[in-house]
2 protein chains.
Amino acid sequence: MTRASSRRPGPPTRTERGIPEATVARLPVYLRALTALSDNGIATASSEDLATAAGVNSAKLRKDLSYLGSYGTRGVGYDVEYLRYQIAREIGVTQDWAVVIVGIGNLGHALANYSGFGTRGFRIVALLDADPKLVGERIGDMEVRDFAELEDIVERDRVSIGVITTPAGPAQEVCDRLVAAGVTSILNFAPVVLSVPDGVDIRKVDLSIELQILAYHEQRKSGEAALPQVPELPAMNGLSDLPSVGGGVGA
Amino acid sequence: MTRASSRRPGPPTRTERGIPEATVARLPVYLRALTALSDNGIATASSEDLATAAGVNSAKLRKDLSYLGSYGTRGVGYDVEYLRYQIAREIGVTQDWAVVIVGIGNLGHALANYSGFGTRGFRIVALLDADPKLVGERIGDMEVRDFAELEDIVERDRVSIGVITTPAGPAQEVCDRLVAAGVTSILNFAPVVLSVPDGVDIRKVDLSIELQILAYHEQRKSGEAALPQVPELPAMNGLSDLPSVGGGVGA
DNA sequence: AGGAGCTTGTGAACGTGAGAACAAAATCGG
DNA sequence: CCGATTTTGTTCTCACGTTCACAAGCTCCT
C-alpha cells in the first residue's frame with residue numbers, strides 16, 4: 001500500500017466514500033473468486049463459499065462487502081453476477097484504462113506478450129523504450145515505439161496508468177516524464193524507491209523483496225539452531241542494488 | 001503478508017525472536033538502500049538519511065531496526081557496512097538459497113533470463129516445465145527440464161524455495177508437487193489462491209490485482225462526479241479469472 | 001573536563017485491521 | 001400464518017502497526 005496522494009486532515013482518516021485500504025486490496029481477489037464461481041455455473045454463493053474461494057475468512061469478507069453496500073440477501077447469500085458487477089464497478093474496471101509500458105526488456109516483453117490483458121479492463125496502448133535497437137520490434141500486434149513519443153501518446157490516448165519495467169537506473173527519470181506527461185498512477189517493477197508528487201499513486205512489485213521475505217521465514221524454520229552470534233563483518237554476499245526483474249535498456 | 005505457518009497460542013502473538021511481519025517486509029528495502037549508500041561511498045548514515053533512501057519515515061525505520069538490536073551509535077548514526085551485514089544476516093541472505101522455477105512461459109522466461117540473480121543470495125537450480133516442446137530449450141546457461149524431475153532436483157540440491165509461473169489451471173497441482181517434494185516456501189505468480197499445509201509459506205505476486213488497485217484510486221481522482229448510481233447489471237467487461245502474467249504450458 | 005549539539009532507542013498515544021459474536025432479515029416447511 | 005433455520009450486516013473487542021516525543025548516550029569543541 002503506497003498511496004502518495006492527498007490526505008486531507010479531516011477527522012476520519014478514511015477517504016471520500018471511505019473504503020479502507022486493506023479492503024480495497026482484497027476487492028480484486030473477490031472479483032476473481034466471483035468470476036471463477038460464475039464460470040462454474042454457480043449463481044448464488046454464501047459468504048462462507050466466497051471466503052473459501054478467495055482465501056480469507058467469512059467475517060472479513062462480509063465486513064469488506066458491507067463497505068460497498070448491502071448486496072447480499074440474509075438467509076440466502078449473494079447473487080454471483082450481481083455482486084461481481086458491483087465490485088467491478090466499485091474498483092473501476094467496468095471501464096477501460098489505457099496503459100503504457102516503458103522498458104521493453106525481459107519483463108516488459110513478458111507483460112506485452114500477455115494476451116489476456118486487453119480484454120480485461122486494461123488496454124496496453126504503447127510499448128516504449130529508448131533503445132533504438134528495440135524501437136520498431138513487433139511484439140504480438142504491437143510495435144515498440146520510441147520513448148520520446150511518450151507525451152504525444154499519453155495525451156492522445158488519455159493514458160492514466162504507466163508501468164515501469166526499466167532497470168533501476170533510468171526509473172526515476174522515466175517516472176518523472178510519465179508524471180509530467182499526465183500519468184497519475186504508476187506500477188513500478190524497477191528496484192528503486194520512486195518519488196512522485198502528491199496526487200500520483202505508486203505501487204511497487206519487487207521479486208527480490210518477495211524472495212527475501214520468504215528467505216527470512218525459511219531461515220527461522222530450519223536454521224534456528226546455530227546462527228553465528230554477531231560475527232564481525234565476514235565477506236558478505238554481493239547483495240547489490242538491483243535484484244528485481246528490470247529488463248531492457250529503458251529510457 | 002501471507003504466512004501460513006504455525007501460530008501457537010502463546011501470549012505475545014509475535015513469532016520466535018519476535019520481529020513483526022510488517023518490519024520483516026521492510027528489511028529488504030533497507031538492505032537495498034544501504035547497498036546503494038555503500039556503492040556511493042557513504043560510510044555512515046543517520047536514520048533520517050536511511051529513511052529517505054528507503055522511502056519511509058525515520059521513526060518507523062528506527063523502530064524497525066530496534067527489533068534487530070542496537071546497531072547504531074547515538075549522536076552519529078549507523079555504520080553502513082555493518083548494518084548492511086546485520087540485516088542481511090537477519091534476513092538470511094548471507095547464505096545461498098536454491099530456487100526452482102516452474103512454468104517457463106513469458107514470465108518464467110523473464111525470470112530465468114534475469115542475470116543479476118545467482119549472485120545475490122538466490123541461485124536458480126532448475127527451470128521446469130511439463131510441455132515437451134519446451135524441455136531442452138536453453139535459456140542463458142540453463143536448460144529447461146521436465147517437470148517430472150522435480151523431486152530428484154529438490155532433493156539433490158536441497159531446494160527450499162519454489163517459484164510458480166504457470167497459468168492458473170495447473171498451479172495448485174504444481175504447488176502440491178512442490179510441497180510434497182519438500183519445498184517449504186513458494187512464490188506464486190499464478191492468479192489463483194493456493195492452499196498449502198501449515199509450515200509452508202506462500203507469497204503471491206499478481207499484476208492484475210495491482211493494476212486494479214491503481215484503477216480504484218484513479219477512478220476516485222477523476223470520475224468522482226458522475227457515477228451511474230447502481231445500475232441493473234449492464235453488459236459488463238470480460239473480467240475473467242486469469243488476468244495475471246502466468247505463461248507457459250506448465251505441469 | 002564540561003557543556004552544547006546530535007542522533008538513537010523506546011515508551012506511550014493513536015489509528016487501523018481482524019475476528020468473534022449476535023441481532024436482524026429472509027426463506028422454507030408445516 | 002408461524003416457527004425453525006439460514007445467513008447477512010454490524011457491533012464490540014483485541015491485536016497490530018504507525019507516529020510522536022523524549023530521555024539516554026555519544027561526539028566534539030572550548
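As a basis for the values below, the full set of heavy atoms in this structure was taken, side chains included, without hydrogen atoms, waters or symmetry mates. Lettering follows sequence order; numbering is per chain, from 1.
Distance from the side chain of B/Y78 is smallest for C/dG9 among the nucleotides C/dG9, C/dG11, C/dA18. The side chain of A/K60 lies closest to C/dA18 when the candidates are D/dT19, C/dA18, C/dG17. Out of C/dG9, D/dT10, D/dT8, the shortest distance to the side chain of A/S66 is found at D/dT10. For B/A59, taking side-chain heavy atoms from C-beta onward, the closest of the listed nucleotides D/dG9, C/dA18, D/dC20 is D/dC20. Taking the side chain of A/S47 as heavy atoms from C-beta on, and the options D/dC22, D/dT8, C/dA18, the nearest nucleotide is D/dT8.
One can place CG of A/L65 at 10 Å from C1' of D/dG9, the figure rounded to the nearest angstrom. Summarising the geometry, the separation between CD on A/E48 and P on C/dA20 is reported as 11 Å, rounded to the nearest angstrom. As a whole-Å value, the separation of A/L61 CG from C/dG17 C1' is 15 Å. Atoms CG (B/D79) and C1' (C/dT8) sit 15 Å apart, rounded to a whole Å. Atom OH of B/Y71 and atom P of C/dG9 are 11 Å apart (whole Å). As rounded to whole Å, 10 Å separates atom P of C/dG9 from atom CG of B/L68. Rounded to an integer number of Å, the gap from CG of B/D64 to C1' of C/dG9 is 13 Å. Atoms CD1 (B/I19) and P (D/dG17) sit 12 Å apart, rounded to a whole Å.
With hydrogens and angles disregarded, no donor-acceptor distance shorter than 3.5 Å links the side chain of A/W97 to the backbone of B/L211. Formation of a donor-acceptor pair under 3.5 Å by the B/E48 side chain with backbone atoms of B/S58 is not found in this model.
The closest side-chain heavy-atom distance from B/L50 to B/V56 is not below 4.5 Å.
Scored by the side chain to side chain donor-acceptor pair (under 3.5 Å) test, B/N188 finds no partners at all (sequence neighbours excluded).
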Return the polar atom pairs (N/O with N/O) between nucleotides 26-30 of chain D and the protein under 3.5 Å, or none.
unit_1	atom_1	unit_2	atom_2	d
D/dC26	O4'	B/R74	O	3.3

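Residues A/R89 and A/T94 bring no donor and acceptor atom of their side chains to less than 3.5 Å of each other.
Mapped onto DNA chain C by nearest heavy atom, A/R26 and A/R62 fall at different nucleotides, with A/R26 at the one closer to the 5' end.
Side-chain to base pairing of B/K63 with C/dG9: no donor and acceptor N or O lie closer than 3.5 Å to each other.
Here the rule is side-chain contact (heavy atoms from CB on, under 4.5 Å) with A/V179, and of A/I186, A/V174, A/L194 only A/I186 fits it.
In this structure, A/Y71 has its ring center at least 6.0 angstrom away from the ring center of A/Y78.
Considering only side-chain N and O atoms, B/N57 lies under 4.0 angstrom from the phosphate OP1 or OP2 of D/dT19.
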